[in-house]
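Since this is a predicted model, take the numbers as computed values, not measurements. If you read the sequence from its start, that first residue is 1, and numbering goes on from there.
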Amino acid sequence: MEETVRNTMKRLPVILLFSFVLFLVAFCTWHLFQGNLEAAFSTLPFLLIIYLFMMKRRP
């Protein structure tokens, strides 16, 4: 029982981060197709921060 709770607690941040990145990519793609380059490229700093955060946590 305790192992299941630990796995769920470890999995929750990954699911939240993945859904946030998926939202950012969808937002960027939508605005690129609309021709709004300023809104499309405004997501790049967030994606870069997430990328650097994930590379730092890598063993």
Side-chain angles (χ1 to χ4, degrees):
M1 177 83 176
E2 210 171 293
E3 188 70 28
T4 306
V5 173
R6 282 190 196 147
N7 285 340
T8 304
M9 293 303 288
K10 288 180 182 178
R11 203 176 302 162
L12 184 62
V14 173
I15 292 171
L16 290 174
L17 185 65
F18 183 74
S19 61
F20 182 67
V21 168
L22 191 63
F23 169 76
L24 284 179
V25 170
F27 178 84
C28 178
T29 304
W30 175 259
H31 281 284
L32 276 174
F33 279 114
Q34 294 294 320
N36 190 359
L37 294 179
E38 184 178 353
F41 289 121
S42 68
T43 61
L44 290 178
F46 293 111
L47 292 173
L48 181 64
I49 289 169
I50 293 169
Y51 174 75
L52 293 174
F53 176 72
M54 294 306 293
M55 288 298 113
K56 188 173 185 176
R57 290 183 55 119
R58 198 176 230 184

What donor-acceptor contacts under 3.5 angstrom involve side-chain atoms of residues 41-51, with partners at least two apart or in another chain?
from	atom 1	to	atom 2	distance (Å)
S42	OG	A39	O	2.7
T43	OG1	A40	O	3.0

Problem set entry | Residues, nucleotides or ligands: over 12 heavy atoms within 6.0 Å of Q34 CD | yes
Problem set entry | Any residue meeting ring-ring contact (aromatic ring centres under 6.0 Å, His included) with F27, in chain and number order, not counting sequence neighbours | H31
For residues 16-25, which side-chain donor-acceptor pairs fall under 3.5 Å, sequence neighbours excluded?
from	atom 1	to	atom 2	distance (Å)
S19	OG	I15	O	3.2
S19	OG	L16	O	2.8

